[in-house]
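Take a look at the structure below.
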Amino acid sequence: MAPERLIVVGGDAAGMSAASQAKRRRPDLEIVVFEKSTHVSYSA
Ligand SMILES: Cc1cc2nc3c(=O)[nH]c(=O)nc-3n(C[C@H](O)[C@H](O)[C@H](O)COP(=O)(O)OP(=O)(O)OC[C@H]3O[C@@H](n4cnc5c(N)ncnc54)[C@H](O)[C@@H]3O)c2cc1C
């Protein structure tokens, strides 16, 4: 069975915080972040 996937739109503060929190709580999730610019936040 394919892993559950969480899609996050936006890789700045809110998006990367949500993605990292979700991964801490659910390490089994596959998480994909879409960011329209060339950089994502690295301190979330
Ligand atoms: C001039 C200015 C100075 C600031 N200075 C400070 C400061 O000194 N300290 C502080 O703590 N806060 C500061 N802030 C506030 C801080 O920038 C915001 O609170 C924070 O960036 C909000 O993050 P966010 O993830 O909610 O939204 P955003 O930063 O708006 O992030 C949204 C992200 O989603 C991406 N995105 C949008 N649409 C799409 C799409 N369709 N597909 C893919 N990606 C998409 C954008 O490219 C962006 O990266 C400042 C804000 C401004 C405007």
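Start at 1 and go down the list; that is how both ligands and their atoms are numbered.
The CZ atom of R26 lies 9.5 Å from the CG atom of L6; values are rounded to the nearest 0.5 Å. Rounding to the nearest 0.5 angstrom, the gap separating the CE atom in M16 from the CD atom in Q21 is 12.5 Å. The line from CG of D12 to NZ of K36 is 11.5 Å long, rounded to the nearest 0.5 Å.
Each of L29 and V32 belongs to its own hydrophobic cluster when Ile, Leu, Val, Met, Phe, Trp and Tyr are linked at side-chain heavy-atom distances under 4.5 angstrom.
Shortest non-hydrogen contact noted between P3 and E30 is CG-OE1, 3.7 Å. Contact record, G11 with V33: CA-CG1, 3.8 Å, taken as the closest heavy-atom pair.
At the shortest separation from atom 44 (N) of ligand 1 among protein heavy atoms lies K36 N, 3.0 Å. Atom 47 (O) of ligand 1 has E35 OE2, 2.5 Å as its closest protein atom, hydrogens excluded (heavy atom only). Among all non-hydrogen protein atoms, the one lying nearest atom 42 (N) of ligand 1 is V9 CG1, 3.6 Å.
A donor-acceptor pair under 3.5 Å is formed between the side chain of S20 and the backbone N or O of S17.
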Evaluation steps, side chain to side chain contact (heavy atoms under 4.5 Å, CB included), between R5 and I31: CA-CA 6 Å; R5 183 178 295 154; I31 300 178; over 6 Å; no
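Put simply, atom 24 (P) of ligand 1 has protein non-hydrogen atoms near it, under 4.0 Å away. There is no protein heavy atom less than 4.0 angstrom from atom 8 (O) of ligand 1. For atom 31 (O) of ligand 1, a protein heavy-atom neighbour is present inside the 4.0 Å cut-off. Atom 40 (C) of ligand 1 is flagged as protein-proximal [any protein heavy atom, distance under 4.0 Å]. For atom 5 (N) of ligand 1, the nearest protein heavy atom lies 4.0 Å away or farther. Taking a distance limit of 4.0 Å, we find that atom 49 (O) of ligand 1 is approached by some protein heavy atom. For atom 19 (O) of ligand 1, the nearest protein heavy atom is 4.0 Å or more away. For atom 34 (O) of ligand 1, the nearest protein heavy atom lies under 4.0 Å away.
Of all the atoms in ligand 1, the ones that sit under 4.0 Å from a non-hydrogen atom of F34 are 43 (C), 44 (N).
The option with the heavy atom closest to atom 26 (O) of ligand 1, from among A14, A13, A18, G10, is A14.
Between V8 and F34, the closest side-chain pair of non-hydrogen atoms is not below 4.5 Å.
At a 4.0 Å heavy-atom cut-off, ligand 1 touches D12 through backbone and side chain alike.
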